[in-house]
Structures are given as structure tokens and as C-alpha cells.
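Here the structure is laid out as C-alpha cells; the discussion comes afterwards.
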Amino acid sequence: MKRDKYKVITSNSTHGPGDAGRTGSWRVERPVIDYEKCTPAKKNKAACHLCWLYCPDGVVTKEIKPQIDLEYCKGCGICAEECPTKAIRMIEENGLPEKEEK
Ligand code: SF4
Ligand code: SF4
């Protein structure tokens with residue numbers, strides 16, 4: 001059977017306050033991106049963005065330097081698992097500020 005090919009790859013999730021509210025408070029680990037290893041940040045052009053594609057909550061932006069919205073990131077770690085360059089690591093949430101410095 002012939003398979004249809006997707007012409008456009010897109011992330012369907014969008015983040016926002018749902019029934020569960022601001023889900024960032026659920027997190028026990030936080031994803032941190034090392035831009036020295038992140039492909040789009042290194043090449044200064046749109047590339048990869050698998051973290052944006054795979055994040056089930058749609059909280060990663062599709063920018064040259066991807067940003068993570070920590071108000072809604074639940075800390076599941078899928079982005080870190082899927083990142084091909086291991087640019088994302090999960091660190092313990094204890095004592096970290098609520099928002100990331102950009
Ligand atoms: S998956 Fe990794 S390398 Fe790709 S854009 Fe995200 S952080 Fe960068
Ligand atoms: S840890 Fe999970 S929710 Fe947070 S940015 Fe990564 S994939 Fe999305």
C-alpha cells in the first residue's frame with residue numbers, strides 16, 4: 001500500500017493555561033539548552049528543531065535559539081531524549097529561579 005507523504009511537518013500543541021493551570025509547578029527537573037551544542041544556534045539558521053516538534057506541551061519555540069516556556073514545561077524530558085546533539089540536559093529543580101535568564 002502506498003503511504004501518503006506529509007508535505008508539512010508541524011507541532012500541533014500550543015501551550016496555555018488549561019484545566020491543570022500553569023503546569024510548570026509540576027516539574028522536578030528542568031530542561032536547559034546548551035546553545036554551544038544546539039544546531040540552529042551554532043549555524044545561525046533554522047535547522048533541527050526536534051525539541052519543538054516532540055515537546056508534548058508545545059512549550060519550545062521554533063527560533064534560531066529555541067526557548068522553553070518554564071511556566072508550562074512539565075519537565076518530562078522528552079526534548080532531552082530527542083535532541084540529536086545532546087544539547088538539552090535535565091537538571092534538578094531545587095532552588096532554581098522560576099524563570100530562566102535569556
Ligand atoms: S533538538 Fe537539540 S539541537 Fe535540535 S533545536 Fe532542539 S536543542 Fe537544538
Ligand atoms: S521537558 Fe517536556 S514539557 Fe518541558 S520542554 Fe522538554 S519536552 Fe517540553
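Read the numbers this way: they start at 1 and go in the same order the structure lists the ligands and their atoms.
Close approach to D57 involves these atoms of ligand 2, each under 4.0 Å from a residue heavy atom: 3 (S). Near T39, with a cut-off below 4.0 Å to any heavy atom, the atoms of ligand 1 are 3 (S), 8 (Fe). Counting the atoms of ligand 2 from 1 in the order shown, those under 4.0 Å from a heavy atom of C79 are 1 (S), 5 (S), 6 (Fe), 7 (S). Short contacts between ligand 2 and I68, defined as distances under 4.0 Å to a heavy atom of the residue, involve ligand atoms 5 (S). Interface of K74 with ligand 2, defined as ligand atoms under 4.0 Å from a residue heavy atom, comprises 3 (S). Applying the 4.0 Å criterion to heavy atoms of T85 picks out, from ligand 1, the atoms 3 (S). Of all atoms in ligand 1, numbered sequentially from 1 with element shown, those under 4.0 Å from a heavy atom of C38 are 3 (S), 5 (S), 7 (S), 8 (Fe). Each of the atoms 1 (S), 3 (S), 4 (Fe), 5 (S) of ligand 1 lies under 4.0 Å from some heavy atom of C48. Every atom of ligand 1 is numbered from 1 in the order shown, and the set under 4.0 Å from a heavy atom of H49 is 4 (Fe), 5 (S). Distances below 4.0 Å separate heavy atoms of V59 from the following atoms of ligand 2: 5 (S), 8 (Fe). Atoms of ligand 2 found under 4.0 Å from any heavy atom of G75 (numbered from 1 in listed order, with element): 1 (S), 4 (Fe).
In this structure, R89 contributes its side chain and D34 its backbone to no donor-acceptor pair below 3.5 Å. At distances below 3.5 Å, not a single donor-acceptor pair connects side-chain atoms of Y54 with backbone N or O atoms of A80.
The shortest distance between side-chain heavy atoms of C51 and C83 does not fall below 4.5 Å. Side-chain contact between C79 and W52: absent, with no pair of heavy atoms (C-beta onward) separated by less than 4.5 Å. Contact check for Y72 versus V59: side-chain heavy atoms found under the 4.5 Å cut-off.
Contact detail for R27 and E29: the closest heavy-atom pair is CG-O, 2.8 Å. Considering all non-hydrogen atoms of both residues, P66 and Y35 come closest at O-OH, 2.6 Å. When all heavy atoms are compared, the tightest approach of A87 to C38 is CB-N, 3.7 Å. Scanning both residues, K42 and E36, for their nearest heavy atoms gives CD-O, 2.7 Å. When all heavy atoms of P40 and H49 are compared, the closest pair comes out as CG-CE1, 4.0 Å.
In summary, C83 places no N/O/S atom under 2.8 Å from atom 4 (Fe) of ligand 1, failing the contact criterion.
In terms of protein heavy-atom proximity, atom 4 (Fe) of ligand 2 is nearest to C73 SG, 2.3 Å. Protein heavy atom at the shortest distance from atom 6 (Fe) of ligand 1 is C51 SG, 2.3 Å. Looking only at protein heavy atoms, the nearest one to atom 2 (Fe) of ligand 2 is C76 SG, 2.3 Å.
Compare A80, G77, C55, P56 by their heavy atoms: the one nearest to atom 1 (S) of ligand 2 is in G77.
In this structure, I33 CD1 and T85 OG1 are separated by 9.5 Å, a value rounded to the nearest 0.5 Å. A distance of 7.0 Å separates CD of E82 from CG of L50, quoted to the nearest 0.5 Å.
Contacts between I88 and ligand 2 below 4.0 angstrom, taking non-hydrogen atoms only, are absent altogether. When non-hydrogen atoms are compared, ligand 1 lies under 4.0 Å from neither the backbone nor the side chain of V60. With a heavy-atom cut-off of 4.0 Å, P40 touches ligand 1 through its side chain alone.
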